Structures are given as C-alpha cells and as structure tokens.
Amino acid sequence: MKVDRQEQDEARRDRIARAAFELFARSGLEATSAQDIARAAFVSRTNLYRYFPSKVHMLLAHFDKAVQASRDDALERLHAGANPQQVWDKVMARMADLGVRYRHLVGAVGQAVLGAGPQSGDEQPKSPLSFPARLAPVDGLKTALTLGALVEPVLLAMQAQGRLRPDVNVATLSALLVDACLLALLHGGHRDQREVMRDWQDRFSLLMYGALAPGAVIEGARD
C-alpha cells in the first residue's frame, strides 16, 4: 500500500512538472499562473504547493527528468560500442537544440545551476509560486549534478580510449563544461543551433586544452 501511494505521488509530481513545462514553453514563467498549472495538471492549488514550492522548482524537475533520459540514451549507446565522439556530438546537439528552442527558460535554469539566484536576506516571495523564487543552494546543485552526470560518462569513455590524460579529474572537467554550456546560452544572441555549437566549440577547446592526451583532438558537433 505504501509503495502504491509513493508511486501515485511520483506520478502526480511528474504530471504537474510536465504540465507546467508545457505552459512555460508556450507562455513563459511569469505569464503562467498557479491556477493555469493546477488546471492543466488536474490538481488543486493546494497540491501544487505540496509538491513544488515554486514554478522554478517545477521547471527544474522536468528539466532534470529530460536530462536523465538523455544520459540513459548516452550510456546505452556507449555500452553498445558507439564511438564516444559520436555520443558527445549527439549530447551537445541535443542540448543546443533545447537551448535555442526554450531560450526564454534558460535564464531560470542557469540561475539555479550557476547560483545566480538571490541567496541572501530574509525576503520571501509573496506567493510560493511567484517568480523569481529563492532557491536553496541544494536545488541548483541537484540540477548541476544531473547535468554533470550527463557529460561525465562520455568523458570517461574518452579517457578509457586514451584520448584524455589518465590524471584528469573527469568530474571537475564535466562541471566546467556544463558551466560553459550554460554561460554561452545565458549570453544569448544565438540565432540557431549551429551558432550555439560554434560558440560551444570555442569554449570547449579552451577547457579541454591540457586535458587531452598527446596527439588527441576533440571536435564540436558536426554540421
């Protein structure tokens, strides 16, 4: 019985996050009300507050799930023997596509991950679902770790192939690459996926300098 209740709670939480994201994608965070989300998710406003303290938390919950799905796909491809460079290309292309398609939501995710949201003072949002919401550091950290966990297996596969130096700290490098991705998206000005990828390639080249094994190269996603 307890398991059934947990499964129901998780399903309801996923439904709320998915419905909220669909509304955010169409109308943006600020233009989406608590009532809009409750109606789309077929729950009461009270249940919104029970599962998520803010709209940003709903966004991050859906984002985390999408990133986890991409990680599962990357791991499956790596275990099947795919070239790590090809897996890297697919992961980066997917992230670039999402960054351009949902560019109006990148700021909220970026603030949470990079710690740019308000962190000091005693001021509280007027409503639990107001925006921007004050996030505890652990909220952004969870999303940052999810993103890092998406990149890290690909880098580990490259290291196993001898393309990265054996003494490179892959977890740290993954975090730096994720930060570079988000900073590029937050900088904005990209008209399409190709422009994002060119920007990322320049940033990745700087970060990967010194991490690559002698004679190894890493390319950006191919056009």
Side-chain angles (χ1 to χ4, degrees), residues 60 63-64 66-117 137 140-223:
L60 292 181
F63 180 78
D64 287 351
V67 172
Q68 183 61 50
S70 294
R71 181 178 187 272
D72 291 343
D73 178 68
L75 286 172
E76 184 177 345
R77 287 164 57 84
L78 288 170
H79 291 159
N83 187 314
Q85 177 70 57
Q86 295 176 343
V87 178
W88 172 272
D89 289 349
K90 183 175 181 180
V91 168
M92 292 299 103
R94 173 64 173 163
M95 291 177 65
D97 176 62
L98 292 175
V100 173
R101 190 183 308 175
Y102 303 114
R103 67 182 71 198
H104 57 302
L105 302 177
V106 168
V109 175
Q111 284 185 0
V113 174
L114 300 174
L141 177 61
K142 179 178 181 295
T143 298
L145 292 174
T146 301
L147 283 165
L150 169 61
V151 177
E152 189 170 347
V154 185
L155 296 181
L156 286 172
M158 292 179 178
Q159 193 174 49
Q161 286 187 341
R163 299 179 64 188
L164 296 183
R165 294 199 335 264
D167 60 331
V168 167
N169 187 317
V170 172
T172 298
L173 182 58
S174 298
L176 290 172
L177 291 171
V178 167
D179 285 353
C181 287
L182 288 172
L183 287 169
L185 291 173
L186 288 170
H187 180 266
H190 306 109
R191 291 174 297 181
D192 54 34
Q193 183 189 34
R194 288 188 177 186
E195 288 193 359
V196 175
M197 294 306 302
R198 283 196 292 267
D199 191 351
W200 283 356
Q201 184 172 1
D202 291 340
R203 295 169 188 259
F204 293 163
S205 295
L206 291 173
L207 289 172
M208 296 293 286
Y209 181 78
L212 292 173
V217 296
I218 183 171
E219 304 172 7
R222 299 167 179 80
D223 292 337

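What you are looking at is a predicted structure, and each value in this text was computed from that prediction instead of being measured.
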Peer 1: Return the CH2 to CG distance between Trp88 and Leu155, rounded to the nearest 0.5 Å.
Peer 2: 5.0 Å

Peer 1: Return all side-chain donor-acceptor pairs below 3.5 angstrom for residues 92-100, not counting sequence neighbours, or 'none' if the list is empty.
Peer 2:
{"residue": "Asp97", "atom": "OD1", "partner": "Arg101", "partner atom": "NH2", "Å": "3.4"}
{"residue": "Asp97", "atom": "OD2", "partner": "Arg101", "partner atom": "NH2", "Å": "2.4"}

Peer 1: Per the ring pair (Phe, Tyr, Trp, His ring centres under 6.0 Å) rule, what does the pair list look like for residues 93-114, sequence neighbours excluded?
Peer 2: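 Ring pair (Phe, Tyr, Trp, His ring centres under 6.0 Å) check on residues 93-114 returns Phe21-Tyr102.
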
Peer 1: On a heavy-atom basis, which atom in Gly148 and which in Ser174 lie closest, and how many Å separate them?
Peer 2: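 Closest approach of Gly148 to Ser174: O-CB, 3.9 Å.
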
Peer 1: Classify the side-chain pair Asp89/Gln85 by whether it contains a donor and acceptor separated by less than 3.5 Å.
Peer 2: yes

Peer 1: Hey, could you give me the CH2/CG distance between Trp200 and Leu207, rounded to the nearest 0.5 Å?
Peer 2: 13.0 Å

Peer 1: Write down the atom of Gln68, the atom of Thr146, and the distance for their closest heavy-atom approach.
Peer 2: N-CG2, 4.4 Å

Peer 1: Which residues pass the side chain to side chain donor-acceptor pair (under 3.5 Å) test with Asp179, sequence neighbours left out?
Peer 2: none

Peer 1: Is the backbone N or O of Glu195 less than 3.5 Å from a side-chain atom of Asp192, with the two atoms forming a donor-acceptor pair by type?
Peer 2: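 Checked: pair present.
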
Peer 1: Could you tell me the separation between the CD atom of Gln193 and the CZ atom of Arg198, rounded to the nearest 0.5 Å?
Peer 2: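 Gln193 atom CD to Arg198 atom CZ measures 11.0 Å (nearest 0.5 Å).
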
Peer 1: Is it true that Arg203 and Asp199 make a salt bridge, defined as a side-chain N closer than 4.0 Å to a carboxylate O?
Peer 2: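 Judged by the 4.0 Å cut-off on N to carboxylate O distance, Arg203 and Asp199 do form a salt bridge.
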
Peer 1: With rounding to the nearest 0.5 Å, note down the distance linking CZ in Arg71 to CG in Leu147.
Peer 2: 12.0 Å

Peer 1: Under 3.5 Å, is there a donor-acceptor pair between the side chain of Gln159 and the main chain of Val168?
Peer 2: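 Yes.
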
Peer 1: So how far is it from Leu186 CG to Arg103 CZ, rounded to the nearest 0.5 Å?
Peer 2: 12.5 Å

Peer 1: Less than 4.5 Å apart, any side-chain heavy atom of Pro153 and any of Leu78?
Peer 2: yes

Peer 1: So do the side chains of Val170 and Met158 get within less than 4.5 Å of each other, counting heavy atoms only?
Peer 2: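 Side chain of Val170 against side chain of Met158, heavy atoms only: no contact under 4.5 Å found.
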
Peer 1: With heavy-atom distances below 4.5 Å as the criterion, would you say the side chains of Val87 and Asn83 are in contact?
Peer 2: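 Not in contact.
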
Peer 1: What distance do Leu164 atom CG and Met208 atom CE have between them, rounded to the nearest 0.5 Å?
Peer 2: 4.5 Å

